[in-house]
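Structure first, commentary second.
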Amino acid sequence: MPPDADATKMPRPRTLLPLAGLPLLALLLAPRPAAAQEWTGGLKLGGTVTTLSGDAASELDPRTGWAGGFSLGYDFGTGLVVRPEVIYAVKGAYADLDVDGIPVRARSTISYAEIPLLVSYRYPHGTLHPVVYAGPMAAFKLDATIRFRARGSDREQTEQDDSVQGFDYGAVVGTGLEWDVGGQRLSIEVRGSFGRANVREAEPPLRNTGAMLLVGVLF
């Protein structure tokens, strides 16, 4: 009998395409090296919108001021950053008063050296890095004044406000964005600051409350 025709056929070699994909698969599955841990720093400048909150603050209006300072952070290489800062911030509020029957507009100006200790998470990949953070804050009074001006008048009087306490404490929460430009990292952020100490010696208590917008350069 003639040999079976199927038996005389050479076995078809298996395709090598799956084998060719193994190096690529291994590359994708290989663990990525962790980013290096490092110290970072930054300079920041911006402004504040603040008021004094509390039981006696119903007639107070917010005011604007300046803010700026520097930060020093430790980046753990996973997106977690511990960042102490020193920030100069102008706070206070506006109030409408009646002095001997004359309507007066008063502006409280309290400047602080704030020292927040922030724990932040920064998305570590790509060129845009969203950031969220929170932490406790201590603030030391540098100066406190009150400016008085009668309604409809250009004359004003400024005097020291000795009733303002020298120390404040509270919490800071914020969010922001960092991005890489030409080998330099820039940042923009907005934060809320909530003081817990009574700003003045009198009762009922008044507390610093406000927001801060900061732009900066990181290195």
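The CG atom of Leu177 sits 9.0 Å away from the OG atom of Ser187 when rounded to the nearest 0.5 Å. Atom OG in Ser71 sits 6.5 Å away from atom CG in Leu218 (nearest 0.5 Å).
Between the side chain of Asp168 and the main chain of Ala197, a donor-acceptor pair closer than 3.5 Å is present. In this structure, Thr51 contributes its side chain and Ala93 its backbone to no donor-acceptor pair below 3.5 Å. The main-chain N or O of Met212 is never found under 3.5 Å from a side-chain atom of Thr48 such that the two would form a donor-acceptor pair. A side-chain donor-acceptor contact under 3.5 Å links Ser153 to the backbone of Arg155. Side chain of Asp161 to main chain of Ile146: no donor-acceptor pair is present (N/O by atom type, distance under 3.5 Å, no hydrogens or angles). In this structure a side-chain-to-backbone donor-acceptor pair under 3.5 Å is missing from Glu189 to Gly174.
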- Task: Dump the intermediate steps for side chain to side chain contact (heavy atoms under 4.5 Å, CB included) on Glu59 and Tyr94, then the final yes or no.
- Result: CA-CA 9 Å; Glu59 301 299 325; Tyr94 280 100; over 6 Å; no
- Message: Go through it in stages, so that I can follow the logic: the residues are Tyr123 and Val131, the test is side chain to side chain contact (heavy atoms under 4.5 Å, CB included), and I'd like the CA-CA distance, side-chain angles, deciding distance and then a yes or no.
- Response: CA-CA 7 Å; Tyr123 183 72; Val131 179; over 6 Å; no
- Task: Evaluate the side chain to side chain contact (heavy atoms under 4.5 Å, CB included) criterion for residues Tyr121 and Val81: first the C-alpha distance (whole Å), next the side-chain angles of each, then the deciding distance (0.1 Å), finally the verdict.
- Result: CA-CA 6 Å; Tyr121 176 78; Val81 181; over 6 Å; no
- Step by step, work out the side chain to side chain contact (heavy atoms under 4.5 Å, CB included) result for Tyr88 and Tyr112. CA-CA 6 Å; Tyr88 171 82; Tyr112 288 98; over 6 Å; no
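Using a 4.5 Å heavy-atom threshold, the side chains of Val164 and Ile110 count as touching. Leu43 places a side-chain heavy atom less than 4.5 Å from the side chain of Phe219. Counting only heavy atoms from C-beta outward, the side chains of Tyr133 and Val172 approach each other to under 4.5 Å. Counting heavy atoms from C-beta outward, Leu80 and Val119 have side chains that approach closer than 4.5 Å. Residues Tyr74 and Thr40 form no side-chain contact, since every pair of their non-hydrogen atoms from C-beta on lies 4.5 Å or further apart. Side-chain contact between Phe76 and Val82: present, with at least one pair of heavy atoms (C-beta onward) separated by less than 4.5 Å. Looking only at side-chain heavy atoms (C-beta outward), Val199 and Gln165 stay at 4.5 Å or farther from each other. Between Arg196 and Arg207 there is a side-chain heavy-atom pair separated by less than 4.5 Å.
Clustering ILVMFWY residues whenever any of their side-chain heavy atoms sit less than 4.5 angstrom apart, transitively, puts Leu186 in the very cluster that holds Phe70. Tracing side-chain contacts under 4.5 Å through hydrophobic residues (I, L, V, M, F, W, Y), one never reaches Ile87 starting from Leu142; they form parts of separate clusters.
Under the side-chain contact (heavy atoms from CB on, under 4.5 Å) test applied with Arg191, the options Thr175, Leu214, Leu213 reduce to a single match, Leu214.
The minimum heavy-atom distance between Arg83 and Ser120, with the atom names listed, is NH1-OG, 4.1 Å. Across Pro130 and Leu128, no two heavy atoms sit closer than the pair CD-O, 3.6 Å. Between Val49 and Pro62, the shortest heavy-atom contact is CG1-CB, 4.2 Å. Minimum interatomic distance between Gly126 and Asp180 (heavy atoms only, all atoms of both residues): O-OD2, 3.9 Å. Lys141 and Ala144 get closest at one heavy-atom pair: CD-CB, 4.0 Å.
For Trp179, the CH2 atom sits in a packed shell: over 12 heavy atoms of surrounding residues, nucleotides or ligands are nearer than 6.0 Å.
Under the rule for a ring pair (Phe, Tyr, Trp, His ring centres under 6.0 Å), Tyr169 has no partner lying at least two apart in sequence or in another chain.
Note on residues 96-124: pairs passing salt bridge (Lys or Arg N to Asp or Glu O under 4.0 Å), not counting sequence neighbours, are Asp61-Arg105, Asp75-Arg122, Lys91-Glu114, Asp96-Arg105, Asp96-Arg151, Arg122-Glu178.
Taking 4.0 Å as the cut-off between side-chain N and carboxylate O, Glu85 and Lys44 count as a salt-bridged pair.
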